Amino acid sequence: MNPPSPPSSTVASHGLQAQAVGHYENFPVASLLCPPHLRAPVMAIYHFARTADDIADEGDASPQERLDALDAYRADLAAAAHGGGSSARWPQVFDPLARAIAGHRLPERLLTDLLDAFAQDIAFTRDARRYADRAELADYCRRSANPVGRLLLHLYGTGDAASLAMSDRICTALQLINFWQDPSVDIPRGRLYFTTADCERFGVDEAALRSLEPTPEAARLVADCCAWARAGMLAGAPLVHRIPGRAGWELRLVVQGGLRILDRIAAIGHRTLERRPTVGARDLPVMLWRALRMGQSRPTTAAS
């Protein structure tokens, strides 16, 4: 399966430009399984997050220019949430988002949490900071990933505490899977998500890690981090039975897509410092079969 990339975005603010940016997406966005009446708000949320990520990541802007652009983006979000008119810089993002906020009462706090996470990424990269331990990294995921799941649950009309907790587990797991899939991409960009505590536990030297040196210790570190992500995904997977209809089936594929990437990481000996494994067309039958077989207690996860 080659998941679709969203339309290329153009963002410009304070001299910041990121043009014709293509993004590989692990998971479908507003796919055919998404309820048709929710596709527009889902896409509005997606493009809001994707464009903010471009501001934080793409182009040649300085860290301060990126932070200034995110401040302007945050101001436009506040205007969209409170009927303040169209955005001058990003109307293609905030006009649809304003309609989604008004039509579905989307919680503004969840959207600002995403911007907080992007600003944190910029600051950590600028200052060469590390996450101390898994609790600190999970707290970052609380802002960078979990709001998306909670926004979708809001659209689906599901807001009980148990469902929200399972959504958080799935979204944090997806974010972690992305981290452990992408160190060969992230580390050269100055983003190191392996925590200080984990590196010390596995005897992984930070300098070797930053140089992408493929040591046995690094592979064991990746393997343990992947086990952490898998455990979180399995803990959240029963949510698929709480989401009705087509949305529940899409969530099954999201869960199985994440688990399949973990399989692919394992298949290369957890050596993601050297290469970035992806899912492809041959993985789709496996993912579909596992999605169909997901029981009430836990999904099928054996590698094949």
Side-chain angles (χ1 to χ4, degrees), residues 3-14 16-59 66 68-119 121 143-159 167 171 174-175 243 245-248 250-251 253-254:
S5 294
S8 299
S9 62
T10 300
V11 295
S13 177
H14 297 282
L16 179 73
Q17 294 190 348
Q19 297 182 331
V21 179
H23 299 283
Y24 177 92
E25 299 299 332
N26 286 331
F27 310 110
V29 177
S31 75
L32 293 176
L33 290 176
C34 180
H37 71 286
L38 294 181
R39 286 178 191 161
V42 168
M43 289 305 299
I45 293 167
Y46 174 76
H47 284 299
F48 166 80
R50 183 72 269 173
T51 303
D53 194 22
D54 287 347
I55 292 171
D57 261 350
E58 304 296 340
R66 296 181 189 282
D68 290 344
L70 279 180
D71 284 344
Y73 201 75
R74 189 186 299 269
D76 280 357
L77 169 61
H82 300 284
S86 181
S87 165
R89 297 186 178 96
W90 300 281
Q92 76 282 7
V93 171
F94 289 106
D95 288 355
L97 186 65
R99 291 192 292 271
I101 291 172
H104 299 274
R105 298 184 179 179
L106 297 180
E108 183 183 358
R109 177 70 255 177
L110 295 175
L111 297 165
T112 59
D113 279 348
L114 292 171
L115 301 187
D116 290 344
F118 293 132
D121 254 344
R143 293 184 298 278
S144 70
N146 297 1
V148 175
R150 287 181 172 239
L151 286 164
L152 292 177
L153 285 187
H154 180 87
L155 290 175
Y156 300 149
T158 301
S167 173
C171 290
L174 290 172
Q175 179 75 87
I243 306 300
R246 296 162 66 171
E250 180 169 44
L251 182 58
L253 288 174
V254 168

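Heads up: numbering here begins at 1 and tracks the sequence. Note that this is a predicted model, so its numbers are computed, not measured.
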>> Would the distance check show the side chain of H104 and the main-chain N or O of H154 forming a donor-acceptor pair, the cut-off being under 3.5 Å?
In response: no

>> Which heavy atom of A88 sits nearest to which heavy atom of D76, and what is that distance?
In response: N-OD2, 4.5 Å

>> Before you tell me yes or no, could you show the steps for E250 and L253 under side chain to side chain contact (heavy atoms under 4.5 Å, CB included), namely the whole-Å CA-CA distance, both residues' side-chain angles and the distance that decides it to 0.1 Å?
In response: CA-CA 5 Å; E250 180 169 44; L253 288 174; 5.6 Å; no

>> I'd like to know if the side chain of R66 reaches the main chain of E58, judged simply by a donor and an acceptor atom lying under 3.5 Å from each other, with no hydrogens or angles considered.
In response: yes

> Which heavy atom of V93 sits nearest a heavy atom of P96, and at what distance?
Replying inline: O-CD, 3.4 Å

>> Counting C-beta onward and ignoring hydrogens, is there a side-chain heavy-atom pair between L174 and V148 closer than 4.5 Å?
In response: no

> In Å, rounded to the nearest 0.5 Å, how long is the span from CZ of R89 to OG1 of T51?
Replying inline: 14.0 Å

> When rounded to the nearest 0.5 angstrom, what distance separates CD1 in I55 from OH in Y73?
Replying inline: 5.5 Å

>> Quick check for you: to the nearest 0.5 Å, what is the distance between W90 atom CH2 and L77 atom CG?
In response: 11.0 Å

> If you look at every heavy atom in L115 and A52, which pair is closest and at what distance?
Replying inline: CD2-CB, 3.7 Å

> Just how far is it from atom NE2 of H47 to atom CE of M43, taken to the nearest 0.5 Å?
Replying inline: 3.0 Å

>> If I compare all heavy atoms of P147 with all of L110, which pair ends up nearest, and what's the gap?
In response: CB-O, 3.3 Å

> Where does the angle between the aromatic ring planes of F48 and F94 fall among parallel (under 30°), tilted (30 to 60°) and perpendicular (over 60°)?
Replying inline: perpendicular

> Got a sec, which pairs hit side-chain hydrogen bond (donor to acceptor under 3.5 Å, both in side chains) with one end in residues 107-118, sequence neighbours left out?
Replying inline: R74-D116, H82-E108, R109-T112, R109-D113, R109-D116

> Tell me, do R150 and C171 make a side-chain contact under 4.5 Å, heavy atoms counted?
Replying inline: no

>> Looking at every heavy atom in both S144 and L114, which two are closest together, and how far apart are they?
In response: O-CD2, 3.5 Å

>> Looking at every non-hydrogen atom in both residues, tell me the closest pair between A119 and L70 and how far apart they are.
In response: N-CD1, 3.7 Å

> Of all residues at least two apart in sequence or in a different chain, which pass the side-chain contact (heavy atoms from CB on, under 4.5 Å) check with S86?
Replying inline: P91, D95

>> side chain to side chain contact (heavy atoms under 4.5 Å, CB included), that's the test. Do L111 and L151 meet it? Break it down for me.
In response: CA-CA 9 Å; L111 297 165; L151 286 164; 3.7 Å; yes

> What do the steps show when you test L251 against L152 for side chain to side chain contact (heavy atoms under 4.5 Å, CB included), and what is the final call?
Replying inline: CA-CA 11 Å; L251 182 58; L152 292 177; over 6 Å; no

